[in-house]
Each structure stands twice: as C-alpha cells, then as structure tokens.
Amino acid sequence: SALLLFSGISANAQDKKDDLGRIAITAWVPDQIEGMPATAKNSLANKLTQVINSNGVAASSFNSRFVLTANVTVLTKDLTATAPPMQAYTLDVTLYIGDGFDGTLFASQSVQVKGVGQNETKAYMAALKNIKPTDPSLTAFVEKGKQKIIEYYNSKCDFIIKEANTLASQNKYEEAIFLLTSVPDACAQCYDKAIAAV
C-alpha cells in the first residue's frame with residue numbers, strides 16, 4: 001500500500017517535471033538597451049540562448065510566446081591604472097521570463113558581472129562572458145519561470161475560456177481560436193479545456 005502511494009507521488013512529480021520541460025522559451029534582446037554596443041547585444045542574445053539550452057527547451061522566435069530577455073545597467077565604468085589604460089565595467093544584468101504577446105512577467109533574476117577590455121565594447125563582452133548558463137541560481141530562475149507559466153494558465157483558465165466565448169459571440173472567431181490555442185500544452189488542466197472549447 002505504501003509502495004503504491006509512493007509510486008503515485010513519484011509519477012505525479014515526474015509528470016510535473018515533464019510539463020516544465022515542455023515550456024518552450026526563446027531569447028529576445030530589445031533594441032533599447034541604452035548605450036549597449038551592437039556586438040555586445042549579439043553576445044547577450046547568444047548568452048540568453050545558452051541559458052535556455054542549458055535549462056529548458058529553446059523555441060524558434062517564430063513560434064514561442066514565452067521569452068527570456070534582459071536589461072543591462074552599467075553600475076561602474078572605470079579606467080584601470082595600467083599602461084595602456086583599460087576600461088573596467090561592472091554590469092547589472094536583469095533577466096526576465098515573460099509572455100511576449102501580452103507582457104505578463106513570470107520571473108526575474110539579477111546577475112552582476114565584471115569585465116575589462118581595451119575599449120567599451122570589449123569590456124562589455126568580457127563582462128557578459130561571465131554569465132554562466134549552468135549557474136544554479138539561473139537554473140532555479142528558469143524552473144521558477146516555467147512553473148509560474150503553468151500556474152498562471154491553470155489559474156486563469158476559466159477566464160480565458162470565458163473571454164474566448166465572448167469573442168465568439170461577437171463573431172470574432174479567429175481571435176477566440178487564437179486565444180484558446182495559445183494555452184501551452186504543458187498546462188495540461190487548462191489545455192484540455194481550451195482544446196475542447198475550440
């Protein structure tokens with residue numbers, strides 16, 4: 001009897017882990033990060049993709065509503081006392097997991113990194129290299145974001161279906177279907193209801 005109870009708990013925990021694994025996220029770097037060199041933006045995009053690949057399921061930018069994005073703030077900007085002088089930057093990189101369609105934020109995490117280089121771009125690049133995709137705090141951040149996505153959809157499910165029904169009653173069928181089909185399949189409780197409503 002105890003063995004059956006344990007195996008049921010273990011299977012349920014495995015199902016939840018599988019659900020988390022099916023949440024697909026894409027990296028997105030906004031154009032408006034103030035003062036960030038273009039090369040550093042590309043480096044940041046690559047680093048975000050590495051975080052996703054190390055901790056979850058990466059999606060193409062065309063089919064995922066969930067994004068991992070970042071904002072970078074320069075905390076300190078110094079010249080070293082070396083010959084020749086070097087640029088030394090301390091950056092605060094705040095990572096966000098959110099819904100790219102409606103702007104809902106699910107999780108955030110800040111990382112402070114330092115870099116030194118011959119110029120501003122190289123200092124930025126050196127600092128961004130210090131973001132470690134397998135850092136346990138980033139792994140926990142991605143897992144928390146995925147869990148919040150599932151909780152959000154499962155808690156808002158009745159509202160989503162009601163809104164879709166309202167749209168359908170106004171002959172806005174495409175919008176209603178889009179709303180219902182945008183529920184991630186990892187949110188099993190809500191996904192089944194949404195597909196039935198379609």
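Sequence positions, counted from 1, serve as the residue numbers for this chain.
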Once side chain to side chain contact (heavy atoms under 4.5 Å, CB included) is applied, do any residues pair with [X], and if so which ones, sequence neighbours excluded?
X	value
Glu120	Pro37, Lys77, Tyr89, Tyr124
Ser110	Asp92, Thr94
Ala126	none
Pro85	Leu79

Quick one: which residue pairs count as a salt bridge (charged side-chain N to carboxylate O under 4.0 Å, His left out) with a foot in residues 121-138, not counting sequence neighbours?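 Pairs touching residues 121-138 that pass the test: none.
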Considering only residues two or more places apart or on different chains, which pairs with a residue in residues 171-181 satisfy salt bridge (charged side-chain N to carboxylate O under 4.0 Å, His left out)?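 For residues 171-181, and leaving out neighbouring residues, there are no salt bridge (charged side-chain N to carboxylate O under 4.0 Å, His left out) pairs at all.
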Quick check for you: to the nearest 0.5 Å, what is the distance between Ile25 atom CD1 and Ile23 atom CD1?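 So the CD1 of Ile25 and the CD1 of Ile23 are separated by 7.5 Å.
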Atom CG of Asn130 and atom CE of Met125: how far apart are they, to the nearest 0.5 Å?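 Asn130 atom CG to Met125 atom CE measures 12.5 Å (nearest 0.5 Å).
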Is [Y] reachable from [X] through a run of hydrophobic residues whose side-chain heavy atoms are each under 4.5 Å from the next?
X	Y	answer
Val142	Trp28	no
Ile52	Tyr96	no
Val111	Leu105	no

Would you name the heavy atoms of [X] and [Y] that are closest together and state the gap between them?
X	Y	answer
Ala40	Leu128	O-CD1, 3.4 Å
Ile161	Ala197	CG2-CB, 4.3 Å
Gln87	Asn119	CG-C, 3.7 Å
Ala45	Ala27	O-CB, 4.0 Å
Leu95	Leu138	CD1-CD2, 3.5 Å
Leu91	Ala127	CD1-CB, 3.6 Å

Is [X] reaching over with its side chain to a backbone N or O of [Y], donor-acceptor style, under 3.5 angstrom?
X	Y	answer
Lys47	Pro133	no
Thr90	Thr76	no
Ser54	Val51	no
Thr73	Leu75	no

Please lay out, stage by stage, how Val67 and Ile97 fare under the test side chain to side chain contact (heavy atoms under 4.5 Å, CB included). CA-CA 6 Å; Val67 296; Ile97 292 177; over 6 Å; no
Going by the disulfide (SG to SG under 2.5 Å) test, which pairs reach into residues 72-144, not counting sequence neighbours?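 Qualifying pairs, neighbours excluded: none.
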Do any pairs count as a disulfide (SG to SG under 2.5 Å) and have a residue in residues 148-183, sequence neighbours left out, and if so which ones?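 For residues 148-183: Cys157-Cys190.
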Got a sec, which residues hit ring-ring contact (aromatic ring centres under 6.0 Å, His included) with Phe106, two or more places apart in sequence or on another chain?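 Listed in chain order: Tyr152.
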So with a 6.0 Å cut-off around NZ of Lys144, is the heavy-atom count from everything else above 12?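 Atom NZ in Lys144 is not packed in, count stays at 12 or less.
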Taking the side chain as every heavy atom from C-beta outward, state whether [X] and [Y] have any pair of such atoms under 4.5 Å apart.
X	Y	result
Gln50	Ile131	no
Gln118	Pro84	no
Val198	Thr181	yes
Phe66	Ile149	yes
Ile160	Val183	yes
Glu143	Gln147	no

Residue pairs, two or more places apart or on separate chains, that pass ring-ring contact (aromatic ring centres under 6.0 Å, His included) and touch residues 153-198: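 Counting only pairs at least two positions apart or across chains, the ring-ring contact (aromatic ring centres under 6.0 Å, His included) contacts touching residues 153-198 are Phe101-Phe178.
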Partner set under side chain to side chain donor-acceptor pair (under 3.5 Å) for Thr104, not counting sequence neighbours: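 For Thr104 the side chain to side chain donor-acceptor pair (under 3.5 Å) partners, ignoring immediate neighbours, are Asp102.
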Not counting sequence neighbours, which residues clear side chain to side chain donor-acceptor pair (under 3.5 Å) with Ser182? List them please.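 With neighbours one apart ignored, the set is Arg65.
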Apply side chain to side chain contact (heavy atoms under 4.5 Å, CB included) to residues Phe141 and Leu68 and explain how you reach the verdict. CA-CA 11 Å; Phe141 155 70; Leu68 171 61; 3.6 Å; yes
